[in-house]
Asks: 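Once you've had a glance at the structure underneath, I'll fire off some questions.
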Number of protein chains: 2
Amino acid sequence: MLESGSERRSMTETAYGELKRKILRSELAPGAHFLEEELAVMLGMSRTPVREAAVRLEQEGFLEIVPRRGFRVTRLSKRTVREINEVLECLEIQAAERLAARRIAADDLKLLEDAVARMDVALESEDAQAWAQADYEFHTLLIVLCGNQHLAEVAKNFLDKAHRFRLMTLQLRAKPVYSNVNHAAVVEAVRRNDPQTAQDIHRAHKRRWARELSDLLERLDLPE
Amino acid sequence: MLESGSERRSMTETAYGELKRKILRSELAPGAHFLEEELAVMLGMSRTPVREAAVRLEQEGFLEIVPRRGFRVTRLSKRTVREINEVLECLEIQAAERLAARRIAADDLKLLEDAVARMDVALESEDAQAWAQADYEFHTLLIVLCGNQHLAEVAKNFLDKAHRFRLMTLQLRAKPVYSNVNHAAVVEAVRRNDPQTAQDIHRAHKRRWARELSDLLERLDLPE
DNA sequence: GGTTCGATCAATGTATACGAAAATTATAAT
DNA sequence: ATTATAATTTTCGTATACATTGATCGAACC
């Protein structure tokens, strides 16, 4: 049996991954409109796997399937951004509490510490791109490690949606000093198994970000 | 092809609705295994719309698509039930707070009051089935009216999953007197625009339910 | 000239066909 | 008898064909 090292993903998975990646990076612009056939040709496959991928992406809120008119990339309105962040806030606070409540594996704790360390390095060198990536990974770890798989799944989805917005506004944000400090404090609380503190700090962090977000939305040219 | 009255739904929507209904009612048992062709025949359509519906149901956590082995109805393990309720708890508390914070329309307030009234009637006549339905509608209203569409969507999904469990355990539950009282108090807080009270009461309600759930899970024959 | 109705078109929604991969069964060899 | 291998079958994954339906464009009538 010749099984070389090459990955064998299904067409549907490929389509899903490619489209989601393009949407997150705004290579497919918010509000842009596509026909099934267009995307099928773009991805080098037939309409069938494209449709299946589209159904998933619609469920996750990245696409809208407009009956008889193909797909539209979900627009980021101000309201949408606010709503997404509100949901993410309450899920992440819960995750932080849970994470600190469980006995965490040393390896996992290290992953968290590493992510914070990378955020520090990126902040030092003023690399907004790298900082956003490390921060994204920190938040991902927070929710994935919390021990509730259902929470992790849904929170990850909202995190991705929030990440899309963030990538659009990288250059507009103030130097995120507080994030690093807060995240380090959360990790410390996790290490000490102190759920209340973890929760409180993360809540404060999220509230601060919510205020910063309001300012940001004021300055942005987004539909209401 | 037969045109049955006013139905204008697509096959995919029909398949989605039917399958979900059957799963919620345990007409398709947890853990049961089906081939695409079976379900297609059962629903009187081809595999294509069945597959699309299945993709949606898998996203929502009601089905698992087992590569090359068709679909499996998601099992309700104790862990799953606990996880779902934890997520629902934090989303609903947020919803209760938000709902009380906004200026609510008189019509919408009436809907909430009606739901509670129906719960009271059902409790009085000891109709567990009707009570569960009214309670489900109350929780649905709570999250749908909260003003955050993204929260509403995801919370509704978790509510449906929780509802599946509840329908399986109707006869095992104690007389839910506290639920009615608590829900009435939440509605009152909403009417008075008192988000803190709404949140506190609903949190207490959810915590009580979490404890009752633990007991229930002890007595049930579910996989861990 | 504007509006309405009809014909044509285009794109989806659904069915079906087909190839590939896994599972199963049968067969053969040790 | 047991294991391995080959043949067969089953079912999925994907492509393609087809029919339905909303849209578009034009012509006729007011």
Side-chain angles (χ1 to χ4, degrees), chain A residues 1-23 28-29 31-75, chain B residues 1-23 28-29 31-75:
Chain A
M1 184 171 291
L2 59 151
E3 179 60 35
S4 53
S6 59
E7 276 285 317
R8 277 199 68 88
R9 298 202 313 171
S10 72
M11 302 300 258
T12 300
E13 284 173 277
T14 304
Y16 171 78
E18 281 299 294
L19 292 175
K20 186 163 174 180
R21 196 176 54 80
K22 285 177 194 287
I23 291 170
L28 300 183
H33 178 257
F34 299 93
L35 300 179
E36 294 186 358
E37 187 62 29
E38 274 183 85
L39 293 181
V41 169
M42 180 190 299
L43 297 167
M45 59 184 69
S46 79
R47 284 168 48 216
T48 310
V50 172
R51 277 181 69 93
E52 278 194 25
V55 169
R56 289 185 59 184
L57 290 165
E58 184 192 35
Q59 283 297 106
E60 293 179 2
F62 293 107
L63 273 185
E64 294 157 60
I65 298 180
V66 189
R68 307 232 141 251
R69 312 220 75 179
F71 315 128
R72 168 171 303 135
V73 180
T74 304
R75 275 180 194 289
Chain B
M1 201 159 291
L2 289 180
E3 180 66 31
S4 54
S6 57
E7 286 293 306
R8 303 288 299 177
R9 299 200 312 171
S10 71
M11 301 301 257
T12 299
E13 284 173 278
T14 304
Y16 171 79
E18 282 298 297
L19 292 176
K20 187 164 173 179
R21 195 175 54 79
K22 285 177 195 286
I23 291 171
L28 301 183
H33 175 258
F34 299 93
L35 301 179
E36 294 185 359
E37 188 62 29
E38 275 183 84
L39 293 180
V41 169
M42 180 190 298
L43 297 166
M45 59 184 69
S46 79
R47 284 166 49 218
T48 310
V50 172
R51 276 180 69 91
E52 279 194 26
V55 169
R56 288 185 60 186
L57 289 166
E58 184 192 37
Q59 281 301 103
E60 294 179 359
F62 293 106
L63 273 186
E64 293 158 61
I65 298 180
V66 189
R68 304 237 141 249
R69 315 216 76 179
F71 316 127
R72 168 170 302 137
V73 180
T74 304
R75 273 179 196 290

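Chain A is the first sequence line, chain B the second, and so forth, proteins listed ahead of strands; every chain is numbered from 1. Predicted, not measured: the structure shown is a model, and the values here were computed from it.
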Asks: Starting at CD of B/Glu36 and ending at P of D/dT11, how long is that distance when rounded to a whole Å?
Replies: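 Those two atoms, CD and P, are 11 Å apart.
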Asks: Between C/dA21 atom P and B/Leu35 atom CG, what is the distance in whole Å?
Replies: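 Computing the B/Leu35:CG to C/dA21:P distance gives 20 Å.
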Asks: Output the single nucleotide from D/dG13, D/dT20, D/dA23 whose closest atom is nearest the side chain of A/Arg69.
Replies: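 Selected nucleotide: D/dA23.
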Asks: Look up atom CD in A/Glu37 and atom CZ in A/Arg47, then write down how far apart they are to the nearest 0.5 Å.
Replies: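 One gets 7.0 Å once the value is rounded to the nearest 0.5 Å.
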Asks: Side-chain N or O of A/Arg9 versus OP1/OP2 of D/dG13: is the shortest distance under 4.0 Å?
Replies: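 It does not, given that no N or O in the side chain of A/Arg9 lies less than 4.0 Å from OP1 or OP2 of D/dG13.
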Asks: Looking at A/Ala53, is its backbone amide N or carbonyl O close enough to the side chain of A/Thr12 to form a donor-acceptor pair, meaning the two atoms are under 3.5 Å apart?
Replies: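 Checking the backbone N and O of A/Ala53 against the side chain of A/Thr12, no donor-acceptor pair under 3.5 Å is found.
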Asks: Drop me the distance from A/His33's NE2 to A/Glu38's CD, to the nearest 0.5 angstrom.
Replies: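 It is 8.5 Å, given to the nearest 0.5 Å.
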Asks: Rounded off to whole Å, could you give me the CZ-to-P distance for the B/Arg47 and C/dA17 pair?
Replies: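 Distance check: B/Arg47 CZ to C/dA17 P gives 12 Å.
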Asks: Examine D/dG13: is either OP1 or OP2 under 4.0 Å from a nitrogen or oxygen in the side chain of A/Thr12? Give yes or no.
Replies: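 No, no such contact exists.
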Asks: To the nearest angstrom, how far is A/Met45 atom CE from D/dA15 atom P?
Replies: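 In whole Å, D/dA15 P and A/Met45 CE are 7 Å from each other.
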Asks: Using whole Å, what does the distance between atom P of nucleotide D/dC12 and atom CD1 of B/Ile65 come to?
Replies: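 So the two atoms are 11 Å apart, to the nearest Å.
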Asks: Over how many whole Å does the gap from A/Met11 atom CE to D/dC12 atom C1' extend?
Replies: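 The distance from CE of A/Met11 to C1' of D/dC12 comes to 15 Å, rounded to the nearest Å.
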Asks: So which heavy atom on B/Leu63 is nearest to which on B/Thr74, and how close?
Replies: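 Here B/Leu63 and B/Thr74 meet closest at N-OG1, 3.3 Å.
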Asks: For B/Glu52, answer base if it contacts any base atom (sugar-phosphate contacts may also be present), sugar-phosphate if it contacts only those atoms, and nothing otherwise; contact means non-hydrogen atoms under 4.0 Å.
Replies: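 The answer is nothing, as B/Glu52 stays clear of every strand by at least 4.0 Å.
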Asks: So which atom in B/Ala15 and which in B/Met45 form the shortest heavy-atom distance, rounded to 0.1 Å?
Replies: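 Looks like CB-SD, 3.8 Å.
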Asks: Among the candidates C/dT24, C/dT16, D/dG13, find the nucleotide nearest to the side-chain atoms of B/Ser46.
Replies: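 Closest of the options to the side chain of B/Ser46: C/dT16.
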Asks: Ignoring backbone atoms, establish whether B/Arg51 has a side-chain N or O less than 4.0 Å from OP1 or OP2 of D/dG13.
Replies: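 For D/dG13, OP1/OP2 do have a side-chain N/O of B/Arg51 under 4.0 Å.
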Asks: Whether B/Thr48 contacts C/dT14 is assessed here as follows: a side-chain N or O lying under 4.0 Å from the phosphate OP1 or OP2. Is that the case?
Replies: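 Negative; the distance criterion is not met.
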Asks: Measure the distance from CD on A/Glu13 to C1' on D/dG13 and round it to the nearest whole Å.
Replies: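 My rounded result for the distance is 11 Å.
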Asks: Can you measure B/Leu43 atom CG to C/dT14 atom P for me and round it to whole angstrom units?
Replies: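 From B/Leu43 CG to C/dT14 P: 13 Å.
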